[in-house]
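Atoms considered below: every heavy atom in the structure, side chains included; atoms not considered: hydrogens, waters and symmetry mates. Lettering follows sequence order; numbering is per chain, from 1.
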2 protein chains.
Amino acid sequence: MKDMGVTKSEKFTEEQNKIARMTKAIGHPARIAIIQYLFSIDSCVCGDIVNEIGLAQPTISQHLKELKSVGLIKGSVEGTSVCYCIDYHNWSLMKNLLSPILNLDAATLNKCC
Amino acid sequence: MKDMGVTKSEKFTEEQNKIARMTKAIGHPARIAIIQYLFSIDSCVCGDIVNEIGLAQPTISQHLKELKSVGLIKGSVEGTSVCYCIDYHNWSLMKNLLSPILNLDAATLNKCC
DNA sequence: ATCTTTCATTGCAAAGTTACGATAAACACA
DNA sequence: TGTGTTTATCGTAACTTTGCAATGAAAGAT
């Protein structure tokens with residue numbers, strides 16, 4: 001068969017797809033933990049994240065890659081280690097993307113059930 | 001092998017798991033579209049949602065089930081049809097759950113990369 | 001130059017997700 | 001009772017995600 005197991009993005013607006021990409025990216029507890037950690041610490045070396053979270057190093061590396069692929073974090077090589085940080089510009093863009101949905105009003109909401 | 005393909009929820013706090021469950025639930029364009037639609041319309045019959053979104057009826061039914069399982073929507077049977085609505089109480093709880101993360105401050109953010 | 005440290009990539013196993021046809025269940029209506 | 005309508009569930013196919021051991025790659029240390 002043809003399109004099994006694949007999201008049909010073409011059925012939705014670009015905005016809907018963007019919102020879903022972002023919420024999906026943060027839709028895992030490890031990635032939430034990573035984001036909280038990156039907001040909380042001074043130095044953001046990859047190895048520290050591995051110790052903090054408690055998953056295997058390749059697993060963390062993969063989660064970091066996903067967060068990076070949607071732009072929420074960025075990394076820079078510093079010797080043998082890599083420093084990861086929140087990309088606050090893109091983090092703000094995500095907030096602006098989500099707020100119109102999150103703040104949809106209860107006033108306009110029909111009470112049919 | 002043992003725990004392949006399964007999220008290790010026990011490694012994270014209850015709050016982190018809750019946030020991830022919620023963001024994951026809205027991490028699909030069809031479910032974003034359903035939520036937007038339910039906020040926008042007066043009558044919220046399941047069949048209307050199927051027509052609006054453009055995916056097959058069983059697929060929509062499955063997405064509705066997922067949104068319902070995290071409490072973001074609720075449904076009530078009305079004759080042969082089912083009326084789905086936003087559960088605004090839980091929607092607000094989700095907003096309260098997300099805002100501490102979304103509003104993490106750039107001021108406290110270390111600029112190491 | 002060799003060893004060590006740090007992180008990314010590869011490869012793989014197991015489970016989850018997405019989508020839909022077919023079917024069942026529940027109700028309305030003739 | 002039988003027929004049509006509406007939605008949920010089942011079964012299945014294909015793709016995606018999660019996690020980790022093993023391996024690579026790249027830079028610092030000895």
Quick one: is [X] getting a side-chain N or O under 4.0 Å of the [N] phosphate, OP1 or OP2?
X: K24(B); N: dT17(C); answer: yes
X: H63(A); N: dG19(D); answer: yes
X: S61(A); N: dC7(C); answer: no
X: Y84(B); N: dT6(D); answer: no

If you assign S9(A) and S81(A) each to the DNA chain C nucleotide with the nearest heavy atom, which residue ends up on the more 5' nucleotide?
S81(A)
Euclidean distance, atom [atom1] of residue [X] to atom [atom2] of [N] [Å, nearest integer]:
X: K68(B); N: dT7(D); atom1: NZ; atom2: P; value: 13 Å
X: K8(A); N: dA14(D); atom1: NZ; atom2: P; value: 15 Å
X: I26(A); N: dT18(D); atom1: CD1; atom2: P; value: 13 Å
X: M4(A); N: dG21(C); atom1: CE; atom2: C1'; value: 8 Å
X: H28(B); N: dC15(D); atom1: NE2; atom2: P; value: 15 Å
X: I53(B); N: dT18(C); atom1: CD1; atom2: P; value: 14 Å

Ion pair present between E66(A) and K24(A), side-chain N to carboxylate O less than 4.0 angstrom?
no
Just to verify, what does F12(B) make a ring pair (Phe, Tyr, Trp, His ring centres under 6.0 Å) with, not counting sequence neighbours?
none
Within a strict 4.5 Å, meaning less than it, do heavy atoms of the V45(B) and V82(B) side chains meet?
no
Backbone of P58(A) reached by a side-chain donor or acceptor of S61(A) within 3.5 Å:
no
Categorize [X] for me: base, sugar-phosphate, or nothing, with a 4.0 angstrom heavy-atom threshold over every strand shown.
X: E78(A); value: nothing
X: V45(A); value: sugar-phosphate
X: T7(B); value: sugar-phosphate

When you check every protein heavy atom under 4.0 Å of nucleotides 22-30 of chain C, what one-letter string (B, S, -) results, 5' to 3'?
B----BS--
Side chains of residues 90-103 of chain B: which donor-acceptor pairs under 3.5 Å do they make with residues two or more places apart or in other chains?
from, atom 1, to, atom 2, distance (Å)
N90(B), ND2, G71(B), O, 2.9
N90(B), ND2, D87(B), OD2, 3.2
W91(B), NE1, L102(A), O, 3.2
S92(B), OG, Y88(B), O, 3.1
K95(B), NZ, L102(A), O, 3.2
S99(B), OG, K95(B), O, 3.4
N103(B), ND2, S99(B), O, 3.1

